[in-house]
Amino acid sequence: MKYQVDKNGFFGRFGGAYVPEILYKCVHDLQEAYLPILESKEFQDEYNALLRDYVGRPSPLYYANRMSQKYGCKLYLKREDLNHTGAHKINNTVGQILMAKKMGKTRIIAETGAGQHGVATATVCALMNMKCEVFMGATDVERQHVNVERMKMLGATVHPVRTGNMTLSDACSEAIRDWCCHPEDTFYIVGSTMGPHPYPDIVAKMQSIISKEIKEQLEEKIGRDYPDYLIACVGGGSNAAGTIYHYIDDTRVKIVLAEAGGHGIDTDHTAATIHCGSEGILHGARTLVMQNEDGQIQEAFTISAGLDYPGIGPMHADLAEKGREQVLAINDDEAIRAGFELTRLEGIIPAIESAHAVAALSKLKFNPDDVVVLTVSGRGDKDIETYLNARS
Ligand SMILES: *Cc1c(COP(=O)(O)O)cnc(C)c1O
């Protein structure tokens, strides 16, 4: 693969590792350790066995007949919603916990917004008998009560964070603070392609299983291993990174990402970081950030808790700037409509995050022969109330 992070952790201008002095050794150790671990046969064998038998991979690539007719293309859905715990996040937590074990760490911390990454982390910690502490904004603890109970049931301790807006961004800051206090024994499992180098690269590599499978499954189904379009939603960017990973250098493949427009990119209520953000440093990386003129982080707004992040993974900041990714802002109402449409036409209730990707279909012009692969990042069970409230 030609497109790679450079040795200092940059994707073009974006990325790097901007961490406090006290974390320098931790981050440096991880930078030195991650590739040898990832590339070892021992790791690959354990990781692939867990993906198969525990997560339930390969996830199906499903030909969506009625949606294909509606949009005038050949639409395939990559069904990450069928993974254990209901989303793509577990691909990453399974991999990172194995990495933590290989590095001799005994305590796991994580940040979470909607609670999906927290649940995926608590799940693999139960599996691996590791101590698990999850940082979550106090506002989110209230909004996502069921996921909080799931994490506790799985044996994790959940710390409500009461600084700032008391949401995801504050939970990330608090997790980094905790890491500073326990650098020796603690592994920080980051949930998306964000944070200081090497996290964006680690998470992208863990999720790259998605496009590895798409290649094999397309070859089997249509006799060629690439689509004309790849579509995914983007919050921090991990399911999108996994979806495109093995196709970034392949210019036959168009890449379309859907970020959360909220009430619209011309309002104050948006999470469309690539449209509205400017260059800054957030949670250890140089990237696009929603901020005011003084560099104060502005709260992101979207109906979708999983896309509610005022930053974006540095890899996507770079690929979007270079024009390799076309990024669409999808508003709340468009995502809701698309979620209902997929439900009624295919019998699949998508996560509200994934519904943003579905909504992108109506903004593109396809040829009838175009093969389109769209990643359904998660299932919508957690979002039923959101769907119903938005409809009434
Ligand atoms: C967390 C989440 C997302 C957004 O995270 P990315 O890192 O951008 O993939 C999207 N879909 C679902 C179902 C999620 O849980």
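First listed ligand is number 1; within each ligand, the first listed atom is number 1. Predicted, not measured: the structure shown is a model, and the values here were computed from it.
- A donor and an acceptor atom, one from each side chain of T375 and T243, are located under 3.5 Å apart.
- Between the choices H356, K89, H117, the shortest heavy-atom distance to atom 1 (C) of ligand 1 belongs to K89.
- When each atom of ligand 1 is checked for a heavy atom of G378 under 4.0 Å away, the hits are 13 (C).
- Between S354 and ligand 1, a contact under 3.5 Å exists for no N or O pair.
- Classification of K74 and D369 as a salt-bridged pair holds, one side-chain N sitting under 4.0 Å from a carboxylate O.
- Here atom 10 (C) of ligand 1 lies nearest to E353 when heavy atoms of K382, E259, E353, R379 are compared.
- Y76 and Q217 are not linked by any side-chain donor-acceptor pair at a separation below 3.5 angstrom, with hydrogens and angles left out of the test.
- The contact set between ligand 1 and G235, taken as ligand atoms under 4.0 Å from a residue heavy atom, comprises 8 (O).
- The N/O atoms of A351, backbone and side chain alike, include none that comes under 3.5 Å of an N/O atom in ligand 1.
- Distances between N or O atoms of Q116 and those of ligand 1 include no value under 3.5 Å.
- Residue contact check: C233 has heavy atoms under 4.0 Å from atoms 10 (C) of ligand 1.
- When only interatomic distances are considered, the shortest N/O to N/O separation between A240 and ligand 1 does not fall below 3.5 Å.
- Under a 4.0 angstrom heavy-atom cut-off, H88 registers as being in contact with ligand 1.
- Of the N or O atoms in G237, one or more lie within a sub-3.5 Å distance of an N or O in ligand 1.
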